[in-house]
Amino acid sequence: MPSPQSPNHEPHKIKTVRLLAFPSLSERKKHLAEAHFNVFHLTPSQVTFDLCSTGTSAMSQEQLAGQFIGDEAYADARNFEALCQAVSEVLGHEYVCPTHNGLGAVKLVVATMVPPGSKLPSNARTRIDVLTPRDVTVPDCRDPSAERFTGNMDLGALEAVLSKETVGIVGLQAFADGQHPFSLANLQAVHALAHRYDARLVLDGSRVIENAWFIQQHEPGMASRSIAEIVRRIAKTVDIFQMDAGQDAKANTGGFLSTDDPDLYEKLMNEVVVYEGLHTYGGMAGRTLEVVARGLREMCDEDEVRWVMHQTERFTERLREAGVPLERGCDGAYLRADAFLPHLEAHQQDALSAALYLQCGVRAVAPGLVGRDALLPVQIPRLAMTNEQLDQVADAIIHLHQQRDRVGALEPVAEGRWRDQMRYRWVFPDLAPFSFDTYPFVIHTIERVGLLGREARERAIRAAGYNTFLLRSADVTIDLLTDSGTSAMSTDQWAAYDAARATAATSDAYHRFVSSLQEVLGYEHILPTHQGRAAEHILSQILIRDGQIVPGNMYFTTTKLHQEMAGGVFADVIVDQAHEPASDFPWKGNIDLDKLKALVEKHGPEQIAYISFEHSVNMAGGQPVSMENMKAVYAYCSAHKIPVMFDATRMAENAFMIQQRDPRYAETPIRDIIREMMAYGDGCTVSGKKDYLINIGGVLAFRDNATWRAQAEEMLRVYEGNVTDGGLPAADLAAIAQGVQEMLDDQYIRSRVKQTELLGTLLLEAGVPIVTPPGSHAIFLDAKRFLPHIDQDAFPAQRLAAEIYVETGVRVMERGNVSKGRNPETGENYRPALELVRLTIPRRVYTNDHMRAVAEGIIRVYERREQIGGLRFVYEPKRLRFFQARFEPV
Ligand code: P71
């Protein structure tokens, strides 16, 4: 099991995601046959999880930004200077020779330092394939008796080679072959020995981080050293440090050699122009130099290293416990294909990888030469996958192991020395397929988060006057303030964003925006707005006459404000259960038709402006409306000529609840459920910052009323922007058009709502009082039951929000007495029925491990709830006081 100090969640959040393909069994058969049963020839769009670790890591957002700071000058670009500086800071080397990747580096070393026909003693085997053709033999000098540091050299064996043979360099690999780490002591001894025989020590440090981590964990005296220190000591011990930047530097390509020796550098510099490029770019684009430089600077981050290694250990351990034959790898599990498929005589690795892909769409590739070993590396791309996904990949492998007898032999139809040359025939084995139930994306970039200690958090909340709105984002670890505008965009959305042509008139993106939404909503008139409240403003101005009633299923702050500004009077017609935090009614967002009818009968239908009908009612706890209720309300209102206007901000989440809770819709796709929902209305406003998976934008739509459209367009011109942009750039319109399509993915919306449910369930199981049933976008803590000893005028929800931050670094939002404000007539606080704390889950940003950490922290607060006191104001603004108010403990 992972050691007790294993991190319990990622030390970062997700910034952008890359959507995954989920080919069906029949598609997998087709792809596999077309690839001649050699998974090397599959492409990522045919694969669900692609388990190789080179060039596939998730970058930091700063690294990605570096991609756009390519100087691209031929000679001595600023990007090269950035790389030299990073190498100097991280490795302590003065000279840098860039190369196009790791192979480029091998080429330069061999050409300059390894005489033809010489020996290259090494602790690694995997480079033999490219060294042999260069007339270099590689004696294996690994110490067979080493227990932990299995990558250590046998000094006796090394000396035997050095004393008898021509040796230009000793070539070590950090975490040799992905499995064998060396100790610092051994590295130093090898260096001394090599120099005694006038040979140089070259280290392939592509996986130096993993090796440094292993040294920190296991080498005597190294536990208190930082990864950065150990990396530097490793680099300073060797003559040349060689790097494939697709590994620890988390670039998609690139490499370099670095040294402190001016004579060695001069040789490399003169050779690099022959095969790679100039000595200042070495065959890399300027942008790649920049990405590598930034990756190098970041790779020693202690929290990140621990997380990556924790994932590897956890994955390997899960497989090992289930009896899957494997070798430990520094980046995953290296399956022993011969022991996995003992009934096959040949090509076990290829049969295993074909069977794995056939069964579940996972690809693992055995690289290099045919017959080198019998290992199939299942490598984890750094930072790109969640533990939940990795657990499921492990389960898929275990599942395959249980039915391994069914996997028959591959029959070669074309052979070669290299694995990519192999072509096979195969009788598809009858394997029970394995399907994934998880977020349908991998992580593309990450954003580092604040990781303050408890005392620093105590200082931060005091400085913020116990108001979570006033905390700095940089001081927050997990930010559950809102799900509004906080989504991670996909690479497809970014591609659309980048490709959109800006204009001061009508853009192509606008047309895509309109047709995308017409299709999803089934409405003819689609108008862009800069966000939700802008659409609410326009709708209210068009449809409300002074003094008219606007019935709605609970209010939302901005919605109600605009209705009132247009002269309307809001009337709450939501079912009573919505106001009871402990009620388990499944449709707490429903309109109570009797309340609505009473209102219409009292005032007359002409006095009703429209019905303001919100999906997944936010203030009620993210509670859904049933299809039956939408249908009934619409039937009644149509008969009385009262328009029904949805706030469809969280329409996909509402649709998912219908799919889950109404058996008639269990098999209906989300897309179709939404179309039916929208058919029971005449128009809608949308804050696109939620379900539409974008950071900014809104929509106003009408089913068929051209008069409303014309009136709305008039308002758009005056308040928002052009009628064809609503104040949004073409780029954001394009991102919306794409985001709406992604929102409709059944697997996405399922994993999204399940994540919220997971948080709710963990809290409920520990007895923490929350609003039930769990909503779709948020979990609401019931502060009245959580802190019953605090009077509402001492703001229990506000204090609870502050305590949660202090305990865990999680930021949440008060929704109670502070938010509701004071009654202007009496001057008293409103003391609303609901005194809540909202934990709102951004979309595609946090993992289930984050959710578990949130729950654990809140449970700890709950356990010490009796020691928590109330607050009083030290500063109280007149309007919307919750944003700026400051407090102190009473
Ligand atoms: C949320 C928000 C954002 C917010 C707004 C006001 C105060 C605090 C936080 C915004 C919504 C919403 C619904 C159902 C319209 C809007 C306004 N929610 N309808 O929950 O939830 O949209 O922000 O795009 O203008 O944190 P807008």
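Source: prediction; values computed, not measured. When a ligand or atom number is given, it counts from 1 through the structure's own listing order.
In terms of N/O distances under 3.5 Å, ligand 1 is approached by Thr482. Between Asn618 and ligand 1, a contact under 3.5 Å exists for at least one N or O pair. Any N or O atom pair closer than 3.5 Å counts here, and Gly532 shares at least one such pair with ligand 1. Geometrically, ligand 1 and Glu614 share no nitrogen or oxygen pair separated by less than 3.5 Å.
The ring of Phe873 has its center closer than 6.0 angstrom to the ring center of Phe795.
Proximity annotation for atom 20 (O) of ligand 1: of Arg838, Met813, Lys690, Arg838 comes nearest, heavy atoms only.
Proximity of Lys689 to ligand 1, defined as any heavy-atom pair under 4.0 Å, is confined to the side chain (atoms from C-beta onward). Here Asp647 has side-chain heavy atoms under 4.0 Å from ligand 1, and that is the only part of it that gets that close.
The single protein non-hydrogen atom nearest to atom 16 (C) of ligand 1 is Phe556 CE2, 3.5 Å, given as residue, atom name and distance. Among protein heavy atoms, the minimum distance from atom 24 (O) of ligand 1 is reached at Ser687 OG, 2.6 Å. Annotation: atom 17 (C) of ligand 1 to nearest protein heavy atom, Thr558 OG1, 3.4 Å. The protein heavy atom nearest to atom 25 (O) of ligand 1 is Arg533 NE, 2.7 Å. For atom 7 (C) of ligand 1, the closest heavy atom belonging to the protein is Phe883 CZ, 4.0 Å. Among protein heavy atoms, atom 15 (C) of ligand 1 sits closest to Glu536 OE2, 3.0 Å.
A donor-acceptor pair is defined here as one N or O able to donate and one able to accept, closer than 3.5 Å; such a pair exists between the side chain of Lys588 and the backbone of Glu580.
If you check the side chains of Asn618 and His777, you find a donor sitting under 3.5 Å from an acceptor. Side-chain polar atoms of Thr668 and Gln659 form no donor-acceptor pair below 3.5 angstrom. Side-chain atoms of His530 and Glu720 include a donor-acceptor pair closer than 3.5 Å. Side chains of Glu653 and Ser776: a donor on one and an acceptor on the other come within 3.5 Å. In the model, Ser687 has no side-chain atom that pairs as donor or acceptor with a side-chain atom of Thr649 under 3.5 Å.
Using a 4.0 Å heavy-atom cutoff, Arg650 is listed among the residues neighbouring ligand 1.
Figure legend: cation-pi geometry between Lys631 and Tyr680 absent, as NZ or CZ is not positioned both under 6.0 Å from the six-membered ring centre and within 45° of its axis. By the 6.0 Å and 45° rule, Arg843 does not stack over the aromatic ring of Tyr692.
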